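For reference, the structure discussed in these notes is given below.
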Amino acid sequence: MTQNVEFLAAPHIEAIPPMTPFIGPEQLMREGGHASLLRLGANESAFGPSPRAVEAMSAELPHISWYGDPESYDLRAALALRHGCAIENISVGSGIDDLMGLAVRAFAAPGAVALTTRGTYPTFNYHVMGFGAQLATVDYRADGFLDVDALIAAATKLRPSIVYAANPDNPSGTLLPAAEMVRLFEALPDESLLFLDEAYADFVDESSLFPALIHGRLLRVRTFSKAYGMAGARIGYAIATPRNVTTFQKIRLHYGVNRNAQIGALASLADPEFAQHVVSETGRGREDYYRLAGSLGRPYLESCANFVCIDFGSKETATQIMNALLARGVFVRKPSAPPLDRFVRVSVGTPAERDEFAARLRVLWREIA
Ligand SMILES: *Cc1c(COP(=O)(O)O)cnc(C)c1O
């Protein structure tokens, strides 16, 4: 009885072509026969988690036989304090990617429209397809910023259930002024919820971000994956109305948030000096990359996040650079859609990693140019 009898998934799942949304560096290592890679492709923190988080998680590791608190109560209380809201305004998930899935599942019915920017952070799109909604997109502005006018025009026409916007954005690194995000939010139709992805909020001044508004049509999400250096722990949170938090409560995976991640996140919040250190080191790293791009005569996008996009003039050259870097043991990624597909995106590494990246890129660029 070892016959392979096919069994079909639900029609909206069958309609999705086979794919691997993110090809991880581990797979690239297996495929390329690399024992290690210079890991600058996934915007992971080069500076690791707070030593206090490591200590707290290590101390509690023997209790990994216990489930974590399904309410993430202590962490939500600390987050509420930090954001000046109530614990009922916070929902914790296993990263923004998880919260994004909950939002699409909760607010975009099968067949409903979800709106995003072509080439921006892609996980939203996979959830939209996976839950049977319809994806609509607008393009970035030519300068690599989100196009608020285009998003408003498309939303006015299509009446999407959800509109996705990341600010600061990935992969561009650009930050729209708070007033522009408010303009977007206020112009959206009443039936559109704004999913405001603030994965990189910690790298910019709070005053340059969307104001601390709690509103039924707004889900703002943050993560411990980037500035807090806990990507592998999988933990993030949404700030929302109590009603929307209750909606998530109905459908979320109640033990989906790792116990150790809750402990590490809580300890990270109690170590603002470390987060500040990461933010200032990241700023230095961006400056190094700007100087590197300048010395190669290549333009770049000023970034408000922990990565920089360098302009190599064409999609073909950018792809060639990315692939050649990989062949030399350097993992970077590049944006997928115009106008950003002529860029290569490199995450801020440690000073030594930045030097190594610069050296390899210089040699490569000399060969190509
Ligand atoms: C990295 C990133 C995420 C993923 O966050 P997790 O909390 O690790 O799931 C989400 N959105 C953007 C824009 C990102 O760059």
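This is a predicted model, so every value here is computed, not measured. When reading the values below, keep in mind they use all heavy atoms of this one structure, side chains included, and skip hydrogens, waters and symmetry mates.
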(message) Could you go through Leu325 and Leu40, starting from their C-alpha distance and side-chain angles, then the distance that decides it, and tell me whether this counts as side-chain contact (heavy atoms from CB on, under 4.5 Å)?
(response) CA-CA 11 Å; Leu325 282 170; Leu40 301 175; over 6 Å; no
Quick one: are [X] and [Y] in side-chain contact, heavy atoms under 4.5 Å?
{"X": "Asn170", "Y": "Asn43", "value": "yes"}
{"X": "Val278", "Y": "Glu281", "value": "no"}
{"X": "Thr117", "Y": "Asp147", "value": "no"}
{"X": "Phe47", "Y": "Val348", "value": "yes"}
{"X": "Pro110", "Y": "His12", "value": "no"}
{"X": "Cys309", "Y": "Leu340", "value": "no"}
{"X": "Leu146", "Y": "Glu180", "value": "no"}
{"X": "Pro51", "Y": "Phe274", "value": "yes"}

Closest heavy-atom pair and its distance - [X], [Y]:
{"X": "Gly173", "Y": "Pro168", "result": "O-CB, 4.4 Å"}
{"X": "Ala133", "Y": "Ala109", "result": "CB-O, 4.0 Å"}
{"X": "Gly119", "Y": "Ala337", "result": "CA-CB, 3.9 Å"}
{"X": "Arg76", "Y": "Ile90", "result": "NE-O, 2.8 Å"}
{"X": "Ser161", "Y": "Ala112", "result": "OG-CB, 3.3 Å"}
{"X": "Val344", "Y": "Lys334", "result": "CA-CB, 4.2 Å"}

(request) Could you go through the side-chain contact (heavy atoms from CB on, under 4.5 Å) check for Val332 and Arg345 one step at a time? (result) CA-CA 6 Å; Val332 294; Arg345 190 196 68 186; over 6 Å; no
Look only at the side chain of [X] and the backbone of [Y], and say whether a donor-acceptor pair between them is shorter than 3.5 Å.
{"X": "Asn244", "Y": "Gly216", "result": "yes"}
{"X": "Arg286", "Y": "Ser303", "result": "yes"}
{"X": "Gln134", "Y": "Gly111", "result": "no"}
{"X": "Asn167", "Y": "Leu176", "result": "yes"}
{"X": "Thr223", "Y": "Gly95", "result": "no"}

Taking transitive links into account, so neighbours of neighbours count too, which hydrophobic residues share a cluster with [X] at under 4.5 Å side-chain distance?
{"X": "Leu209", "result": "Leu175, Val204"}
{"X": "Tyr67", "result": "Tyr255"}
{"X": "Phe195", "result": "Phe22, Ile96, Leu99, Met100, Leu102, Val104, Phe107, Tyr121, Phe124, Val128, Phe131, Leu135, Ile162, Tyr164, Leu193, Leu219, Val221, Phe248, Ile251"}
{"X": "Tyr73", "result": "Ile87"}

From [X] [atom1] over to [Y] [atom2], what is the distance, rounded to the nearest 0.5 angstrom?
{"X": "Asn258", "Y": "Ile64", "atom1": "CG", "atom2": "CD1", "result": "5.0 Å"}
{"X": "Thr246", "Y": "Gln249", "atom1": "OG1", "atom2": "CD", "result": "7.0 Å"}
{"X": "Ile263", "Y": "Ser72", "atom1": "CD1", "atom2": "OG", "result": "10.5 Å"}
{"X": "Ser50", "Y": "His277", "atom1": "OG", "atom2": "NE2", "result": "10.0 Å"}
{"X": "His83", "Y": "Asn89", "atom1": "NE2", "atom2": "CG", "result": "11.0 Å"}
{"X": "Ser94", "Y": "Ile235", "atom1": "OG", "atom2": "CD1", "result": "8.5 Å"}

(message) Quick one, Glu26 with Arg39, criterion salt bridge (Lys or Arg N to Asp or Glu O under 4.0 Å). Give me CA distance, side-chain angles, the key distance, then yes/no.
(response) CA-CA 10 Å; Glu26 293 78 9; Arg39 203 167 160 127; 3.2 Å; yes
(message) Considering only residues two or more places apart or on different chains, which pairs with a residue in residues 139-159 satisfy ring-ring contact (aromatic ring centres under 6.0 Å, His included)?
(response) none
(message) Is it true that Asp169 and Thr120 share a donor-acceptor pair across their side chains at a distance under 3.5 Å?
(response) yes
(message) Is a donor from one side chain sitting under 3.5 angstrom from an acceptor on the other, for Glu71 and Gln262?
(response) no
(message) With side chain to side chain contact (heavy atoms under 4.5 Å, CB included) as the test, pick out the partner of Val346 among Phe331, Tyr289, Phe307.
(response) Tyr289
(request) Please list all pairs passing the salt bridge (Lys or Arg N to Asp or Glu O under 4.0 Å) test where one or both residues lie in residues 190-203, with sequence neighbours left out. (result) Arg82-Asp202, Arg159-Glu191, Glu198-Arg220, Glu198-Arg222
(request) Any salt bridge (Lys or Arg N to Asp or Glu O under 4.0 Å) involving residues 99-121? Give me the pairs, sequence neighbours left out, ordered by first then second residue. (result) Arg118-Asp139
Check: residues 357-369 side-chain donor-acceptor pairs under 3.5 Å, at least two apart:
{"from": "Arg360", "atom 1": "NH1", "to": "Arg328", "atom 2": "O", "distance (Å)": "2.5"}
{"from": "Arg360", "atom 1": "NH2", "to": "Glu356", "atom 2": "OE2", "distance (Å)": "2.5"}
{"from": "Arg362", "atom 1": "NH1", "to": "Ser295", "atom 2": "OG", "distance (Å)": "2.9"}
{"from": "Trp365", "atom 1": "NE1", "to": "Leu296", "atom 2": "O", "distance (Å)": "3.4"}
{"from": "Glu367", "atom 1": "OE1", "to": "Arg328", "atom 2": "NH2", "distance (Å)": "3.1"}

Residues 316-324 side chain polar contacts: donor-acceptor under 3.5 Å, at least two apart:
{"from": "Thr317", "atom 1": "OG1", "to": "Ser314", "atom 2": "OG", "distance (Å)": "2.9"}
{"from": "Thr319", "atom 1": "OG1", "to": "Lys315", "atom 2": "O", "distance (Å)": "2.7"}
{"from": "Asn323", "atom 1": "ND2", "to": "Thr319", "atom 2": "O", "distance (Å)": "3.4"}

(message) Taking Leu196 as the starting point, is it possible to reach Ile214 by hopping between hydrophobic residues whose side chains are less than 4.5 Å apart?
(response) no
(message) According to a hydrophobic-cluster definition based on side-chain heavy atoms being under 4.5 Å apart (Ile, Leu, Val, Met, Phe, Trp, Tyr only), do Val245 and Leu79 belong together?
(response) no
(message) Once you measure the plane-to-plane angle for Tyr228 and Phe224, does it fall in the parallel (<30°), tilted (30-60°) or perpendicular (>60°) bin?
(response) tilted
(request) Go through the structure and list residues passing salt bridge (charged side-chain N to carboxylate O under 4.0 Å, His left out) with Asp143, not counting sequence neighbours. (result) Arg141
(request) Applying ring pair (Phe, Tyr, Trp, His ring centres under 6.0 Å), name anything that partners His215, two or more places apart in sequence or on another chain. (result) Phe185
(request) Quick one: list whatever passes side chain to side chain contact (heavy atoms under 4.5 Å, CB included) with Met29, sequence neighbours left out. (result) His34, Leu37
(message) Pair His254, Arg252 - check side-chain contact (heavy atoms from CB on, under 4.5 Å), show working.
(response) CA-CA 6 Å; His254 285 271; Arg252 71 190 180 88; 3.4 Å; yes
(request) Quick one: do Glu273 and Asp271 satisfy side-chain contact (heavy atoms from CB on, under 4.5 Å)? Show the steps, please. (result) CA-CA 5 Å; Glu273 295 80 14; Asp271 192 0; 3.4 Å; yes
(request) Applying salt bridge (Lys or Arg N to Asp or Glu O under 4.0 Å), run through Glu287 and Arg284 and close with a yes or a no. (result) CA-CA 5 Å; Glu287 294 293 332; Arg284 259 188 275 275; over 6 Å; no
